[in-house]
There are 2 protein chains.
Amino acid sequence: MAKMDLRRLRYFVAVAEERSVGRAAVRLRMAQPPLSVQIRKLESEVGTPLFRRGTRGMELTAAGRALLSRAREALALTAEGFEAARAVAAGRRGRLSVGYMFALAHAVLPRLVPELRRSLPKVDLEFIELSASTREARLLDHSVTVALCMPAIRHSEIEVSTIGKQRLMLAMPAGSQLARAAAVPVRKLQGRPLISLPGPAEDPATSVVTSLLRRHQVSMPVANRVETAHSALSLVLAGEGMAILPACAQLGCPTGVVFRPFLDADDAIDVAVCWRRDSLNPLVRNFLKCAEKVIRQA
Amino acid sequence: MAKMDLRRLRYFVAVAEERSVGRAAVRLRMAQPPLSVQIRKLESEVGTPLFRRGTRGMELTAAGRALLSRAREALALTAEGFEAARAVAAGRRGRLSVGYMFALAHAVLPRLVPELRRSLPKVDLEFIELSASTREARLLDHSVTVALCMPAIRHSEIEVSTIGKQRLMLAMPAGSQLARAAAVPVRKLQGRPLISLPGPAEDPATSVVTSLLRRHQVSMPVANRVETAHSALSLVLAGEGMAILPACAQLGCPTGVVFRPFLDADDAIDVAVCWRRDSLNPLVRNFLKCAEKVIRQA
DNA sequence: TTTTTGCCATACCGAACTCGTATGGGTGAG
DNA sequence: CTCACCCATACGAGTTCGGTATGGCAAAAA
């Protein structure tokens, strides 16, 4: 009574559709007698005939019809369940929270998002903007699964994959005297106020900038510390000083601010995908593939 | 791979809910090792781990969660399918088209319908009014499953169960002289025009009336032939004549028409449930029970 | 550290189930 | 009347399942 074997249901559906035990047996690649037996067992299990036997085959009874639709659904559901489990395990399905730094929003997301949707259509994507000072915490407390960072996070619990580089450029008001030339010598920055991103000296986000300045023996007083490249650009526009930012930041940059490369330096900052080392979410790997693909073709 | 045994799914759900093979085994009334084996078989069948094994029990993986909800649905669906098949076979579920003659509409339906809905809540009911001349055909061509008739249909393919009787009464205009008395002697009908229901002389619908008149040696000229008691009452109201109708017809009767019993006759007409003899719809039996119950308490 | 405890995994055996082959039986068609 | 068709039954072989006994591992207790 409490058998409810799916095999029986599959047999039942086949017989119902073929309206014949013999034909159903062919379809199921088995002999006719055992199929006949299984159908009768199912009927005794349910407690009522499911077919009317005629000389020309079998025909469903009303009770059989009532069972048929549900049997089909149950079969489809378990098949779907298996497939869903496989898809989740393979990272083709699930939920993925992507954190990103603002500076990358215009440079990467417009190409990355369509690519993700295309290659992982069943994945539920969520995008969260991260600030420089909270990105680690957001990864560690699981509020994002992966983070697009610039530069990479350094943390023992966090794994990093560098997917590209962005050259440092100088951002300044459009009217600035330095903006007249196509490229700026580093030494011309001497003494000018700097809008700086946060973090300790060890933080590579700023240390790339400081090492660039140190190498050219240039010092810039820190006029402001801000959280995001966006804020930095606002302050540049306000005339508070200049900022040294990755090239991609100019894509979201307000009019009135111009970017110039350095004449005598091509320092670059890493763009990286970061995720918890203990994350067993297979989506991370697939996300990485997409991100690399997008960066490569850029 | 193509096993998809429901037993495994049942085991899986139990383990997932108990978060422990041991406890699930207790719930399933089986030993722990075989359950452990079945879970591993399921995992190898799906192709991916469904649980994370800790020292404190088992915990679902994301893939396991994806499977769990569908497994539950599939189990519920097959159980429901079995139950539905049983319900259909027992006549507690399905579709039932009930035909009825107009004269019974007010007398029987208001009590029958609630009773049907109460005792057969999952049955899909449909009510169709039948006219005297088509009721047989509607039964035979399956457009109704059962018919509430008065009198019973006589046909070799149709089975009949008499559930009550209705006394014949005289319907006449309210101002009629015969209406002054509480009861009417049959002989007073002599020569008055009769509004007659259809059918050949053999038709019991009319033969009950003709036999009543013949017994009292009274003859009434047939003024009109109509299809339903409703039409007969309209013509009575219009002064076309009188009608001899079952008592229940007065419930739907327009003001201006009055019913009187006969002083010296208590002829009655059968109320019956009729259905195709070859109908294997078990709902018929349950319908009959309801109908008898309703009539009995009337 | 060592012991104990709790839980899952493996091994093996007896029982149940399923499937295939062979065969019977009932019903229309030729 | 025979043939053809289809479903039902019988029986033996192989597979699978469940129970018992036991191993192994890790966290909690001593």
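Quick note: numbers below take in every heavy atom, side chains included, and nothing from hydrogens, waters or symmetry partners. Note on naming: letters A, B, ... go to the chains in the order of the sequence lines (proteins, then strands), and numbering restarts at 1 for each one.
- At D/dT16, none of the side-chain N or O atoms of B/Lys41 fall inside 4.0 Å of OP1 or OP2 (strictly under the cut-off).
- Of the candidates C/dT21, D/dC6, C/dC19, the closest approach to any side-chain atom of A/Ala31 belongs to C/dT21.
- Within 4.0 Å (heavy atoms only), B/Tyr11 reaches sugar-phosphate atoms of the nucleic acid but no base atom.
- Relative to the side chain of B/Arg23, the nucleotides C/dC7, D/dC7, C/dT21 differ in distance, and C/dC7 lies closest.
- Salt bridge present: A/Lys293 and A/Glu115 bring a charged side-chain N and a carboxylate O closer than 4.0 Å.
- Take the nearest nucleotide of DNA chain C for A/Asp5 and for A/Pro33: the residue whose nucleotide is more 5' is A/Asp5.
- Remark: C1' of D/dC6 and CG of A/Leu35 are 13 Å apart, rounded to the nearest angstrom.
- You'll find that the side chain of B/Gln38 is closest to D/dC17, out of C/dT21, D/dC7, D/dC17.
- At C/dT27, none of the side-chain N or O atoms of A/Arg53 fall inside 4.0 Å of OP1 or OP2 (strictly under the cut-off).
- Residue-level contact check: A/Gln32 touches the bases, meaning some heavy atom is under 4.0 Å from a base atom.
- Residue A/Arg40 places its side chain closer to D/dT9 than to any other of C/dC8, D/dT9, D/dT20.
- Nearest-nucleotide positions on DNA chain C place B/Ser36 closer to the 5' end than the other of B/Ser36 and A/Arg56.
- Applying the 4.0 Å criterion to OP1 and OP2 of C/dC8, one finds that B/Thr55 has every side-chain N and O outside that range.
- For A/Met30, the listed nucleotide lying nearest its side chain is C/dC19; candidates were C/dC8, C/dC19, D/dC17.
- Residue A/Gly57 is classed as a sugar-phosphate contact, given heavy-atom separations below 4.0 Å to backbone atoms only.
- Comparing C/dC19, C/dG6, C/dC8 by their closest approach to the side chain of A/Arg7 singles out C/dC19.
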